[in-house]
Amino acid sequence: MYMTTDEIRSTYLQFFKSHNHEIVRSSSLVPYNDPTLLFTNAGMNQFKDIYLGKEKRAYMNATTAQKCVRAGGKQNDLDNVGYTARHHTFFEMLGNFSFGEYFKKEAIYYAWTLLTEGFKLPKESLTVTVYLEDTEAYDIWKNEIGVPDERIIRIGDNKGGKYNSDNFWQMGDTGPCGPCSEIFYDHGPGVWGGPPGSPEEDGDRYIEIWNIVFMQYNRLADGTFEKLAKPMIDNGLGLERIAAVLQGVHSNYDIDLFRALIEESAKIVGATDLSNKSLRVISDHIRSCSFLIADGVLPSNEGRGYVLRRIIRRAVRHGRMLGAKDVFFYKLVDKLAELMGNAYPELIEQRALIERTLKKEEEQFLNTLDRGLALLDSELEKLGAERTIPGEVVFKLYDTYGFPADLTQDVVRDRGYIVDMEGFETQMQVQRERAKASSSFGVDYNKELKLTEITKFQGYDTLQDSGKIVAMFKDNEAVDSVLTDEEAVIVLDKTPFYGEMGGQIGDTGVLNLGANNRFIVKNTKHVGQATIHIGRVELGQFSLGDTVEACVDETRRKNIAAHHSATHLLHAALREVLGDHVYQKGSSVGPDRLRFDYSHPQPMTMDERLKIVALVNEQICNNVEIVTEVMDLEKAKQCGAMALFDEKYEGDVRVLSMGSFSKELCGGTHARRTGDLGYFIIVSDESIASGVRRVEAMVGSAAIAYQQAITKAVNQACNILKTDNFSVVEKVKNLIGHTQSLEHQNMLLKEKVVHFEASTLAKGAEDINGVKTVVSLVDGYSMRELRLAADELKNTLKSCALVLGSVENDKVNLIAGVTKDLTSKIKAGDLVNAAAALVDGKGGGRPDMAQAGGNNPDGLNAALKAAKDWLVERL
C-alpha cells in the first residue's frame with residue numbers, strides 16, 4: 001500500500017488519537033531543561049521527567065511525530081550518512097506512550113493493528129523479537145496476536161552481562177528501564193541478510209521498523225533492578241523506514257521526500273548522476289541544518305553550534321565534490337519548506353533566518369578552506385623528505401578547519417604523500433569518547449529529587465498566601481519535620497513564590513507558622529509540577545501538614561517583574577530596528593538588571609542602539625496596560641504571539657501583550673503597566689557566539705542610578721578637561737591627537753638612537769672563526785626596536801650572526817639574526833632558543849630572524865653568554 005510520508009505521519013497520529021492518546025506536538029531539537037542531552041534524539045525525551053517520576057501530565061497516553069537529530073554526543077550517525085541506506089542526521093520518530101494506563105498487551109496490539117490494518121503490511125512479512133526472559137511478551141505475540149514460533153526470536157544478553165541486550169532498553173546507568181520487543185519487516189529472499197540474532201543480521205533483508213519498550217524496572221546504582229510501581233510504555237516507529245517499506249524501496253533515500261530533495265540538489269549543483277552518495281549527504285544535511293537553525297541553534301565553535309557547523313561544512317564539501325562553483329546549500333531551503341512546512345511550520349516562519357545563516361556559513365567556510373590548505377602546505381614543508389602525513393595533522397585539519405580526511409588525501413595524493421589514517425582514527429576515537437562522556441546520561445536518576453505533587457501558583461495575583469506543606473526534604477531525603485538552623489526544601493500545595501523558569505530567577509521571602517516559626521526562602525525552583533522552596537529554618541519547627549503563611553519579598557519581585565517586562569519591549573524593539581531575523585536566544589531576569597541574548601550577525605551601531613532605547617522608553621511613556629490572556633497554543637499562534645524555541649508548552653498558554661507593540665507567550669511575572677518600568681537604559685552589547693549577541697540593560701531605580709553614575713563620571717571628566725558636556729568628546733579627540741603626535745615624534749627620535757647604537761655595535765663586532773658576531777645587551781628596547789637594530793647590523797656588516805637582548809617593563813625581549821649566507825650553518829631560531837631557556841622563555845621565527853620573550857630579567861646576562869658560547873661551539 002503506497003503512502004506518502006505526509007500520509008504516514010497523519011495516519012499514525014490519528015490512529016492513536018482514536019485510541020485515547022493526546023497528540024502532543026514535537027518538542028524542540030534543543031532539549032528543554034536537560035543538560036544531559038546535546039539534541040533531542042528520541043521521542044521519549046520530552047516525557048523523560050514523567051518516566052523519572054518527577055512530573056505528571058493532564059493525559060495518561062500521548063502520541064507524537066518527533067523531530068530528532070543524531071549527530072554528536074552519545075548517538076552520532078554523522079559519518080555514516082550517505083554511505084548506508086538508513087543512517088540520517090535528522091529523522092522523524094513516530095511515537096506512542098503510556099504513563100501507566102496500559103502495558104504490554106495493548107502496546108503490542110496497537111502496533112500490530114496499525115501495521116497490518118492501517119498500513120496493510122502482510123503479516124507473513126513481519127518478524128518480532130522479544131527479550132529472552134520476557135515470557136509475557138512472547139505469549140502475547142504467539143497466543144493472542146498469532147505470530148508463528150519461527151517468526152518470534154528471543155534475544156538474550158548479547159552484549160555481555162545481565163540485561164545488556166539489544167532487547168533490553170536502559171535510560172542510563174540508573175533509572176527506568178525494561179525489555180523491549182522489536183518488529184522487523186522482511187524484504188524477501190531477493191535481498192541479502194538474515195533475521196535478527198543471526199550472523200547475517202546486518203544485511204538489508206530484515207529491517208527494524210518498530211520498537212516497543214516495556215518500562216517495568218528501576219535500575220539502582222548498585223546494579224540491582226526493582227519493579228516499578230506503575231509500568232509504562234515507550235514506542236518508536238521510524239518514519240523514514242516505514243515510508244521505505246510502504247513505498248516499496250530498500251533505501252530511505254529512495255522515498256518521496258528524499259527523491260525530491262536529491263533531484264533539487266542535483267539541479268542546483270549541476271549533477272546528473274542521482275545515485276551519487278554526495279547527493280544523499282546534501283539532502284540529509286539540509287534537513288538537520290534547517291531544523292536546528294529553526295529551533296534556535298546557530299553555527300559556533302562549541303556545543304550544539306559546533307555540531308551544526310560540522311554538518312554544514314560536510315554538506316558544502318560534498319557539493320564541491322559534485323562540481324558546485326558558487327554558494328549553493330541555502331538554495332535548498334525553499335524546497336524543504338515546501339515539502340515539510342505543513343507538518344513543521346517553523347521551516348516557513350524561519351525560512352529567511354535559515355537561508356541567511358547557511359549562506360553566510362558557507363561563504364565563511366570557503367575562506368576557511370583556503371586557510372586550511374595553507375596550513376596543510378606548511379605542514380608538508382615541515383616534513384621535508386618524509387612522505388607520510390601524521391594522523392595528528394590530519395585530525396587538526398578536520399577538527400579545526402572542517403577538512404574531512406578524504407579531502408586531505410585528495411589534496412596530497414598527487415604530491416606523492418600518504419596519510420597516517422591509523423593515527424587519525426586514534427585521534428577521532430579520543431574525540432568520540434570525550435563527546436560521549438560529556439553528553440551521556442551521567443546522573444543517578446534515583447538520587448534526584450522526585451515529586452508527584454502539584455503546586456498551584458498564586459503569585460500572579462498576590463504576594464502573600466497560605467499553603468499546606470505537602471513534602472519536605474533534607475539532604476535530598478524526605479523528612480517529616482525540620483528544626484531551627486536546618487537547611488531544607490519545603491513543598492506547598494499552593495504558593496505565591498515564582499519558581500525559576502524562562503530566564504526569570506526564583507523568588508525569595510519567608511514562610512511563617514505563627515509568631516515563633518520562620519523559614520527563610522533563599523530560592524524557589526521547579527521539580528516536575530511542584531514548586532520547591534529552598535532555604536533555612538531561622539526559628540522553630542515545620543512539619544508535614546502544617547499550613548504556613550508564604551510571603552514573597554515584594555520589592556525584589558516588583559523589580560524582577562519590571563525587568564522581565566522590559567525584555568519583551570527590548571525584543572520587539574530589536575526586531576523593529578534590526579530586522580525580523582532577530583529572535584531571543586536566552587535571557588536572565590533579576591531585580592537589578594536583565595540579560596537578553598539575541599540572533600544578529602554584527603554589533604549594533606550607535607544610531608541603532610539609540611533608536612532601540614528610544615523605542616522602549618516611548619512604550620514606557622505610553623503607560624499601556626500589560627494584558628495577559630490564557631488560550632490554547634494554536635489560538636496563540638494565530639493571534640501572532642511569539643514563542644521561545646526551546647521552551648516547553650503544554651495545554652493552555654499565557655499570552656502577554658503590551659498594546660500592539662509586543663505579544664509573546666510567557667509564564668513569568670510582569671508589571672501592571674509599561675509606565676511601572678520608569679526608565680530603560682542599555683548597559684552593554686557584546687558577542688557571545690557566532691551570530692549571537694548579548695544585551696545587558698536596566699529599568700527603574702537601577703537604570704536611574706546607573707545613568708546618574710555616568711553623568712557624574714562625565715562631569716568629572718569635564719572638570720578635569722575644563723570643558724562642558726557637549727564639548728568633551730572634541731576635547732578628548734584633540735588630546736589623543738596631540739598624544740599620538742608626540743608618540744610619533746618620540747618614535748622617530750628613538751629610531752635615530754637605535755641606528756646610532758647599532759653603528760656602534762657594528763664597530764665592536766667580534767670575529768669567531770671568520771664570522772662577525774654581535775652579542776649585546778641593549779637595555780630598554782622594545783621588540784620593534786630590537787628588529788630595527790638587527791636589520792641595521794645585518795645591512796652594515798653584510799655577513800654576520802647576532803643576538804640582542806633587552807628588558808622592557810620587567811619582561812625580556814630577545815632577537816637573533818643570521819645573514820642568509822650563513823643560514824646553512826646556523827638557524828636564528830636555534831640561536832635565540834639557546835638564550836631564551838635561561839630567561840624562562842621560548843622563541844621561533846625564520847632561519848634568518850627569530851625572536852623570543854622571557855619572564856626572568858635576572859637571567860638575561862647569563863642568557864647572552866649562553867648564546868655566545870653556542871655560536872663559538874657551532875662556528
Side chains of [X] and [Y]: does their closest heavy-atom pair fall under 4.5 Å?
X    : Y    : result
V327 : F365 : no
I293 : Q350 : no
E263 : L274 : yes
P299 : I312 : yes
R241 : I207 : yes
R351 : D334 : yes
V30  : L292 : no
D420 : V393 : no

Write down the atom of [X], the atom of [Y], and the distance for their closest heavy-atom approach.
X    : Y    : result
P31  : T40  : CG-N, 3.6 Å
M340 : L347 : CB-CD1, 3.8 Å
H187 : D204 : CD2-O, 3.5 Å
Q14  : I23  : NE2-CD1, 3.9 Å
V269 : F328 : CG1-CD1, 3.6 Å
K663 : C639 : CD-O, 3.5 Å

Donor-acceptor contact present, side-chain [X] to main-chain [Y], <3.5 Å:
X    : Y    : answer
E386 : T388 : yes
S10  : D6   : no
E362 : V316 : no
N45  : A42  : yes
S288 : T89  : no

*Report the C-alpha separation of K335 and E338 in whole Å, then their side-chain angles, then the decisive distance to 0.1 Å, and conclude whether the salt bridge (Lys or Arg N to Asp or Glu O under 4.0 Å) test is met.*
CA-CA 5 Å; K335 174 58 75 171; E338 174 192 321; 3.4 Å; yes
Salt-bridge present ([X], [Y]; N to O < 4.0 Å):
X    : Y    : result
K67  : E92  : no
D685 : R693 : yes
D597 : R694 : yes

*Which of parallel (below 30°), tilted (30 to 60°) and perpendicular (above 60°) describes H88 and Y253?*
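The arrangement is tilted - the two ring planes meet at 30° to 60°.
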*Does the pair R317 and M321 meet the rule for a side chain to side chain contact (heavy atoms under 4.5 Å, CB included), with working shown?*
CA-CA 6 Å; R317 168 58 190 154; M321 290 168 66; 3.4 Å; yes
Taking the ring of [Y] and the ring of [X], is the distance between their centroids below 6.0 Å?
X    : Y    : value
H581 : Y583 : no
Y598 : H571 : no
Y12  : W210 : yes

*Under the salt bridge (Lys or Arg N to Asp or Glu O under 4.0 Å) rule, what do R259 and D256 come out as? Steps first, then yes or no, please.*
CA-CA 5 Å; R259 292 313 300 171; D256 59 335; over 6 Å; no
_Walk me through whether N211 and N235 qualify under side chain to side chain contact (heavy atoms under 4.5 Å, CB included)._
CA-CA 6 Å; N211 187 16; N235 276 4; over 6 Å; no
Spatial distance of atom [atom1] ([X]) from atom [atom2] ([Y]) [nearest 0.5 Å]:
X    : Y    : atom1 : atom2 : answer
R575 : H600 : CZ    : NE2   : 13.0 Å
K359 : I354 : NZ    : CD1   : 15.5 Å
L336 : L257 : CG    : CG    : 7.5 Å
L94  : L13  : CG    : CG    : 6.5 Å
S290 : L358 : OG    : CG    : 5.5 Å
D295 : E346 : CG    : CD    : 6.0 Å

*Please report the C-alpha distance between Q46 and T64 in whole Å, then the side-chain angles of each, then the deciding distance to 0.1 Å, and finally whether the side chain to side chain contact (heavy atoms under 4.5 Å, CB included) criterion is met.*
CA-CA 10 Å; Q46 66 168 305; T64 65; 3.8 Å; yes
*asked:* Checking side-chain contact (heavy atoms from CB on, under 4.5 Å) between L615 and each of V577, L574, L569, L570, which is the one that passes?
replied: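 Answer to the side-chain contact (heavy atoms from CB on, under 4.5 Å) test with L615 among V577, L574, L569, L570: V577.
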_By the definition side-chain contact (heavy atoms from CB on, under 4.5 Å), identify the one residue from L339, I282, L279, L332 that meets it with E264._
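So, applying the side-chain contact (heavy atoms from CB on, under 4.5 Å) to E264 and each of L339, I282, L279, L332, only L332 qualifies.
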*asked:* Assess the residue pair E576 and F661 against the criterion (side chain to side chain contact (heavy atoms under 4.5 Å, CB included)); give the C-alpha distance rounded to whole Å, side-chain angles, the decisive distance to 0.1 Å, and a yes or no.
replied: CA-CA 10 Å; E576 183 165 327; F661 188 69; 3.5 Å; yes
*Should E240 and R287 be marked as a salt bridge (Lys or Arg N to Asp or Glu O under 4.0 Å) after you check the CA-CA gap, both sets of side-chain angles, and the distance that decides it?*
CA-CA 13 Å; E240 292 82 4; R287 297 209 304 166; 2.8 Å; yes
State whether a side-chain donor-acceptor pair under 3.5 Å links [X] with [Y].
X    : Y    : answer
Q66  : S27  : yes
S275 : D273 : yes
Q584 : S587 : yes

*Does Q602 CD have over 12 foreign heavy atoms under 6.0 Å away?*
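Result for CD/Q602: enclosed.
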*Show your working on salt bridge (Lys or Arg N to Asp or Glu O under 4.0 Å) between K611 and E608 and close with a plain yes or no.*
CA-CA 5 Å; K611 285 179 183 177; E608 288 170 339; over 6 Å; no
*ring-ring contact (aromatic ring centres under 6.0 Å, His included) partners of residues 288-307, not counting sequence neighbours, each pair once*: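 Of all non-adjacent pairs touching residues 288-307, those that pass ring-ring contact (aromatic ring centres under 6.0 Å, His included) are F90-F291, F291-Y344.
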